[in-house]
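Reviewing the structure listed below.
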Amino acid sequence: MSDEHKTVESDTSRHFLKQWIAEDVAAGKTGGQVVTRFPPEPNGYIHIGHAKAICIDFGMAQEFGGQCNLRMDDTNPSKESDEYAESIKQDIRWLGFDWGDGFYSAANLFDKMYEIAENLIGRGQAYVCDLTQEQWKEYRGIPTAPGKESPTRDRAPAENLALFRRMKAGEFADGTLCLRAKIDMSSPNIHFRDPVIYRIMHVPHYHAGDTWCIYPMYDFAHPIEDAYEGVTHSMCTLEFEVHRPLYDWVIDRMDEMGLLVVRNGVKIRPQQREFARLNLSYTVMSKRKLLQLVQEKRVDGWDDPRMPTVCGLRRRGYTPEAIRDFCERIGVSKYESQTDVALLEYCLRDDLNKRALRRMAVLDPVKVVIDNYPEGRTEYAEAQNNPDDPAAGTRQVPFGRELLIEREDFMEVPAKKFFRVTPGQEVRLRAACFFTCTHVVKDAAGAVTEIHGTYDPDSKGGNASDGRKVKGTIHWVSAAHAVPLTVRLYDRLFTVSDPMGDETRDFLTFLNPESLKTVTAFAEPAVAEALPGQTVQFERVGYFCADTRESVPGKPVFNRTVTLKDSWTKETKK
RNA sequence: UGCCUCAUGGUGUAACGGUAGCACAGCAGACUCUGAAUCUGCUUGUUAAGGUUCGAAUCCUUAUGAGGCAACCA
């Protein structure tokens, strides 16, 4: 990763996770290597919120010269698939992170987990419970009142073991029996009230096949996975905070069984800490809500450019650098905040400004006729591909008597401080010449159909030899050479900053009906050469990305990635 | 009405007992062959009340507000 994307920070400005890890390193708790992990469940596509977690997990490992594993936390086969697992890998690689040979799957540890479970039974720390789920719910109690013990809680270990083996052998139906840790039914922490650690589930596993019909629960599996991988720092989101005592309980049991990894003579005791998940304005982040948008066809699939999914952002034209920069800037804390999507857009523009080639395209055209320019003649204006980067070179843009310019760049009666085309006001046609409007032609309804004017032959290239200045420069396209292209103008998916914030209204009622507008635009010929996935800047308009799905040579389709900042529209609203 | 966590400008974060800073957003201006970018300047903040201290955003107490926990999900 390049340094220029790192935000400046002082030595003392370190978020709490960084400080935590630094202290452990100093105290020699890591055995010489910090190991973290990103543990997605392969049951859906990852989104910008996951990207934050990925940047933290991989970022902390990088910062401390350690290793970050990618682990599929696949303990519930009813929801998981290889397709999801592959998409997750692809998205993480695209974001720019590398897990090296640290790829793991919880399923690879099923044997060991089972062994630990039997061990727990033998030690009288787990038992097979035959309460129905309804009974269990009743026995467990509620947060404000203690639970009561299962009638089978004190069954003899030998009996429990026999039962558990029969569970494994497939002798029981789903939900009839389960294995529970024997902890404390009166604990104020519900997760300590003899949590279920194994359930019967006659479902084949996408990765482990049909070897198992019992599967471990998250609270049991996760610390075991961390421990076996030698993970030193296990970072997750806030909702797991109340699970931490249980995580530590499992680690303690493993310690007693002598199962903790020893690295360079140091016993690695994984520790969990929690940080606030990302909330972004004008979108939703829950997997369930995103799934709903897809299933109800409110959007065009998981990779719809309006979606906050990584694949959606990618298709929209976002860059990994911009996303990483964003994740760096939002910081890490335990406060459940809502980050303004404007910051994400800032990071995007900042990155694209440096690298996107400049092109000219007119989204809402009106014809311009240069009356003193010869009919049928074509000249070429040499335009810079990126004014901030001379190395990007130049291109030749065809110019002729008839041009197309942006409708909003003309005002018959100019507003105050309007520097664009208006009768009698000289403007610059970007990279070409000066132009002055003389008169307009209108249709029966009074709409302008043609703007007539003259150019100054002495201003070819964009500057007059007498050195006079013009206040406005506009983009244009030669009518005779214009390439039509389909442009999708994307806007925020929701009309309100927090679509989930109103409990009385469904979030769908806040969908922005104008989140997608499709128009036919006209561009200079070079635009047609853009490769799918390539982002260019349509000067004065915004950044646009050739769609990876539907753009084909000869029939280009562009997605608006993000607009340019626009201080003129603000001016007009005053 | 149990347990856990959190609270700094509009937003997000920093300050770890010693001058409340940075970024985004906003506003004003300079510059400009993109009304972009760049540059300058500005507005706005420690939830409240007590306490400890020479000194509190920071430590303590209480209150208030927000979030989490009652899947055989993760």
Side-chain angles (χ1 to χ4, degrees), chain A residues 7-10 12-15 19 39-41 43 73-76 78-80 129 131-133 136-137 140-147 174-180 187-193 195-201 214-215 217-219 221-222 236-245 274 276 281 287 329-347 349-350 353-354 358 360 383-384 387-388 417-420 428-432 461-463 469-475 497 537-542 563-571:
Chain A
T7 49
V8 184
E9 69 187 349
S10 68
T12 54
S13 171
R14 300 186 299 180
H15 60 68
Q19 294 182 35
E41 185 187 17
N43 69 346
D73 207 1
D74 44 14
T75 56
N76 181 359
S78 67
K79 295 160 58 175
E80 299 152 4
C129 178
L131 249 27
T132 64
Q133 283 177 54
W136 164 221
K137 192 176 175 183
R140 182 182 45 217
I142 54 172
T144 53
D174 289 7
T176 52
L177 295 179
C178 66
L179 185 71
R180 295 171 59 184
S187 171
N189 184 339
I190 293 250
H191 301 281
F192 255 29
R193 320 242 263 231
V196 174
I197 58 177
Y198 258 97
R199 79 284 218 180
I200 300 172
M201 194 183 271
I214 58 172
Y215 293 95
M217 300 289 292
Y218 168 87
D219 281 319
H222 206 85
C236 60
T237 43
L238 249 30
E239 70 269 26
F240 292 101
E241 207 157 28
V242 279
H243 294 243
R244 193 155 97 204
E274 312 79 17
S281 61
K287 268 188 189 175
R329 284 168 185 268
I330 56 177
V332 181
S333 75
K334 301 189 73 158
Y335 178 67
E336 291 193 52
S337 56
Q338 186 184 55
T339 300
D340 193 341
V341 71
L343 180 60
L344 215 210
E345 293 175 345
Y346 167 83
C347 294
R349 291 189 185 104
D350 189 46
N353 180 46
K354 294 177 210 149
R358 310 298 132 114
M360 289 195 284
Q384 287 182 284
D388 297 330
K417 290 203 261 183
F418 182 78
F419 305 133
R420 289 118 90 159
R428 174 164 37 233
L429 297 171
R430 177 84 161 145
N463 280 306
K469 304 277 186 194
V470 290
K471 284 287 267 182
T473 298
I474 65 166
H475 60 283
S497 116
Q537 185 196 96
F538 290 164
E539 287 195 278
R540 303 209 309 128
V541 180
T563 60
L564 251 31
K565 257 182 85 170
D566 176 12
S567 53
W568 169 246
T569 304
K570 279 176 204 155
E571 183 76 27

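Nucleic acid contact for A/Arg420: base, since at least one base atom lies under 4.0 Å from a heavy atom of the residue. Looking at heavy-atom distances under 4.0 Å, A/Phe418 makes contact with a base. Here A/Phe240 lies in heavy-atom contact (under 4.0 Å) with a base. A/Leu131 comes within 4.0 angstrom of a base, heavy atoms only. A/Glu345 comes within 4.0 angstrom of no nucleic acid atom, judged by non-hydrogen atoms across all strands. Residue A/Thr75 is classed as a sugar-phosphate contact, given heavy-atom separations below 4.0 Å to backbone atoms only. At a threshold of 4.0 angstrom between heavy atoms, the contacts of A/Leu343 are confined to the sugar-phosphate backbone, with no base atom among them. Residue contacts for A/Val541: at a heavy-atom cut-off of 4.0 Å it reaches no nucleic acid atom on any strand shown. Residue A/Phe419 is classed as a base contact, given a heavy-atom separation below 4.0 Å to a base. A/His191 comes within 4.0 angstrom of sugar-phosphate atoms only, judged by non-hydrogen atoms across all strands, and of no base. Nucleic acid contact class of A/Asn189 (heavy atoms, under 4.0 Å, all strands): none. Using a 4.0 Å heavy-atom criterion, one finds that A/Asp219 contacts no nucleic acid atom at all.
When the P atom is used for both B/A57 and B/A20, the distance is 8 Å, rounded to whole Å. B/A70 and B/U1 are spaced 15 Å apart, taking the C1' atom of each and rounding to whole Å. Comparing B/G65 with B/U32, their C1' atoms sit 49 Å apart, to the nearest whole Å. Look at the C1' atom in both B/G10 and B/A25: the space between them is 7 Å, to the nearest Å. Taking atom P on both nucleotides, B/A7 is separated from B/C59 by 10 Å, rounded to a whole Å. Comparing B/A56 with B/A49, their P atoms are spaced 14 Å from each other, to the whole Å. A gap of 12 Å separates the P atoms of B/G26 and B/A36, to the nearest Å.
Distance NZ (A/Lys471) to C1' (B/C31): 10 Å, rounded to an integer number of Å. Taking atom CD of A/Glu239 as the reference point, atom P of B/A70 lies 11 Å away to the nearest angstrom. Note: CZ (A/Phe192) to C1' (B/A70) measures 16 Å, nearest angstrom. One atom, CD of A/Glu336, and another, C1' of B/C69, lie 13 Å apart when rounded to the nearest Å. The CZ atom of A/Phe538 sits 17 Å away from the P atom of B/G35 (whole-angstrom rounding). Protein atom CD of A/Glu241 is 12 Å distant from nucleotide atom C1' of B/C3, rounded to whole Å. Atom-to-atom, NZ of A/Lys417 to P of B/G35 comes out at 15 Å; the value is rounded to the nearest Å. The separation between A/Ile330 atom CD1 and B/A14 atom P is 12 Å, rounded to whole Å.
The residue among A/Val196 and A/Pro387 whose nearest nucleotide of RNA chain B lies closer to the 5′ end is A/Pro387. Toward the 5' end of RNA chain B, the nearer of the two residues A/Ile474 and A/Glu41, judged by each one's closest nucleotide, is A/Ile474.
Ring-plane geometry between A/His243 and A/Tyr218 is classed as perpendicular, the angle between the planes exceeding 60 degrees on a 0 to 90 degree scale with a lower cut at 30.
In this structure, B/G18 and B/C54 make a Watson-Crick or G-U wobble pair, each of the two defining distances being under 3.5 angstrom. In this structure B/G26 sits in a base pair with B/C42, meeting the Watson-Crick or G-U test at under 3.5 Å. B/C6: Watson-Crick or G-U partner is B/G65, with both key distances under 3.5 Å.
Shown here, B/A71 is classed syn by the O4'-C1'-N9-C4 or O4'-C1'-N1-C2 angle, which is within 90° of 0.
Considering OH of A/Tyr346 and CZ of A/Arg329, their distance stands at 5.0 Å, rounded to 0.5 Å.
Listed pair A/Lys79 / B/A74 fails the phosphate criterion, with no side-chain N or O lying under 4.0 Å from OP1 or OP2. Dashed line: the shortest gap from a side-chain N or O of A/Arg540 to OP1 or OP2 of B/G35 is under 4.0 Å. OP1 or OP2 of B/U13 has at least one side-chain nitrogen or oxygen of A/Ser333 nearer than 4.0 Å. Not one side-chain nitrogen or oxygen of A/Tyr218 sits closer than 4.0 Å to the OP1 or OP2 atom of B/C73. For A/Arg140, a side-chain nitrogen or oxygen approaches OP1 or OP2 of B/C72 to under 4.0 Å. For the pair A/Thr473 and B/U32, the criterion of a side-chain N or O lying under 4.0 Å from OP1 or OP2 is not met. Considering only side-chain N and O atoms, A/Arg199 lies nowhere under 4.0 angstrom from the phosphate OP1 or OP2 of B/A71.
Panel note: side chain A/Thr237, backbone A/Glu239; no donor-acceptor pair is recorded below 3.5 Å. Counting only distance, with no hydrogens or angles, the side chain of A/Asp340 and the backbone of A/Leu343 share no donor-acceptor pair below 3.5 Å.
Considering only the side chain of A/Pro143, B/A70 comes nearest among B/A70, B/A36, B/A74. Listed nucleotides B/G35, B/C73, B/A71 differ in distance to A/Asp566; the shortest reach to its side chain belongs to B/G35. When each of B/G26, B/A74, B/C69 is scored by its nearest atom to the side-chain atoms of A/Ile190, the top-ranked nucleotide is B/C69. Closest contact between the side chain of A/Thr339 and the listed nucleotides B/G12, B/A15, B/A74 involves B/G12. Relative to the side chain of A/Asn76, the nucleotides B/C73, B/A15, B/G35 differ in distance, and B/C73 lies closest. Of the candidates B/G12, B/U5, B/C73, the closest approach to any side-chain atom of A/Ser337 belongs to B/G12. In this structure, the nucleotide among B/C69, B/U38, B/G12 sitting nearest to the side chain of A/Val242 is B/C69.
In terms of heavy atoms, A/Ile190 sits closest to A/Arg140 at CG2-CD, 3.9 Å. Between A/Arg420 and A/Trp568, the closest heavy-atom pair is NH1-CD1, 3.1 Å.
No hydrogens or angles considered: a donor-acceptor pair under 3.5 Å links the side chains of A/Arg540 and A/His475.
Below the 3.5 angstrom threshold, one finds a donor paired with an acceptor across the side chain of A/His243 and the base of B/A74.
Per the stacking criterion (ring centres < 5.5 Å, plane angle < 30°), A/Tyr335 does not stack onto the base of B/A7.
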- Item | Residues A/Ser78, A/Asn76; criterion side chain to side chain donor-acceptor pair (under 3.5 Å); working and verdict | CA-CA 6 Å; A/Ser78 67; A/Asn76 181 359; 2.7 Å; yes
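For the pair A/Arg180 and A/Trp136, the cation-pi criterion (under 6.0 Å, within 45° of the ring axis) is fulfilled.
Between A/Ile214 and A/Tyr198, some side-chain heavy-atom pair lies under the 4.5 Å cut-off.
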